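These numbers come from a predicted model, not from an experiment. Nothing fancy with the numbering, it's 1 onward along the sequence.
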Amino acid sequence: MAKFMFLLRGGNCDQERSPEEMQQSMQAWGEWMQNGTDAGWLLDPGTGLTSEGRVVQEDGRVIDGPFAESKEWVGGYCIVQANDLDAAAGIAKSMPQAGAAIEVRELMVHDAE
């Protein structure tokens, strides 16, 4: 099976939500992670990422960043395994999104010979 990274882009994590909505969201995430662990496709549940960061350019310059627009902001990630890209996208469709788009990318395999 191949491994895939899910990158959560954009989203509305900063929106005002009631305690009940927050609890429902946390419960949905917990259930999704437990289902993935039990089924064996969730390899790493990942974590959320802060919005602050730096980009180190090839020439050594360091700039604030890394994203110019909020829709480009990566709010979190996780690692799953699936037979192919389409199967991984199907898993991503089941993920609680909180308004985020989920970018699905296959991890490259480097054979050590």
- Task: State, with a plain yes or no, whether a side-chain heavy atom of M1 is found less than 4.5 Å away from one of N83.
- Result: yes

- Under a 4.5 Å cut-off applied to non-hydrogen side-chain atoms, are R54 and D64 in contact? yes

- Message: Between Q27 and Q23, is there a side-chain donor-acceptor contact under 3.5 Å, judged purely by atom types and distance?
- Response: no

- Message: For Q34 and D38, which I'm curious about, is there any donor-acceptor pair between the side chains at under 3.5 Å?
- Response: yes

- Query: Would you say the side-chain atoms of Q81 pair up with the backbone N or O of L43, donor to acceptor, closer than 3.5 Å?
  - Reply: no

- Side chain E21, main chain S18, donor-acceptor under 3.5 Å: yes

- Would you please test F4 and I91 for side-chain contact (heavy atoms from CB on, under 4.5 Å) and show each step? CA-CA 10 Å; F4 298 86; I91 293 170; over 6 Å; no

Which heavy atom of [X] sits nearest to which heavy atom of [Y], and what is that distance?
| X | Y | answer |
| --- | --- | --- |
| W29 | L8 | CH2-CD2, 3.8 Å |
| P45 | M33 | CB-SD, 3.5 Å |
| R9 | V74 | NH1-CG2, 3.5 Å |
| I102 | A92 | CD1-O, 3.4 Å |
| V104 | A88 | CG1-CB, 3.7 Å |

How long is the straight-line distance from [atom2] of [Y] back to [atom1] of [X], given to the nearest 0.5 Å?
| X | Y | atom1 | atom2 | value |
| --- | --- | --- | --- | --- |
| W41 | S94 | CH2 | OG | 5.0 Å |
| L107 | I79 | CG | CD1 | 5.0 Å |
| M5 | E103 | CE | CD | 10.0 Å |
| Y77 | D44 | OH | CG | 4.5 Å |

- Item | Common cluster, L7/L49, ILVMFWY with side-chain heavy-atom separation under 4.5 Å | yes

- Do L85 and L42 belong together in a cluster built from hydrophobic side chains that touch within less than 4.5 Å? yes

- Item | Shared-cluster residues of M22, by chain and number - hydrophobic side chains joined below 4.5 Å | none

- Worked verdict on M95 versus W32 for side-chain contact (heavy atoms from CB on, under 4.5 Å): CA-CA 7 Å; M95 180 182 253; W32 185 84; 3.3 Å; yes

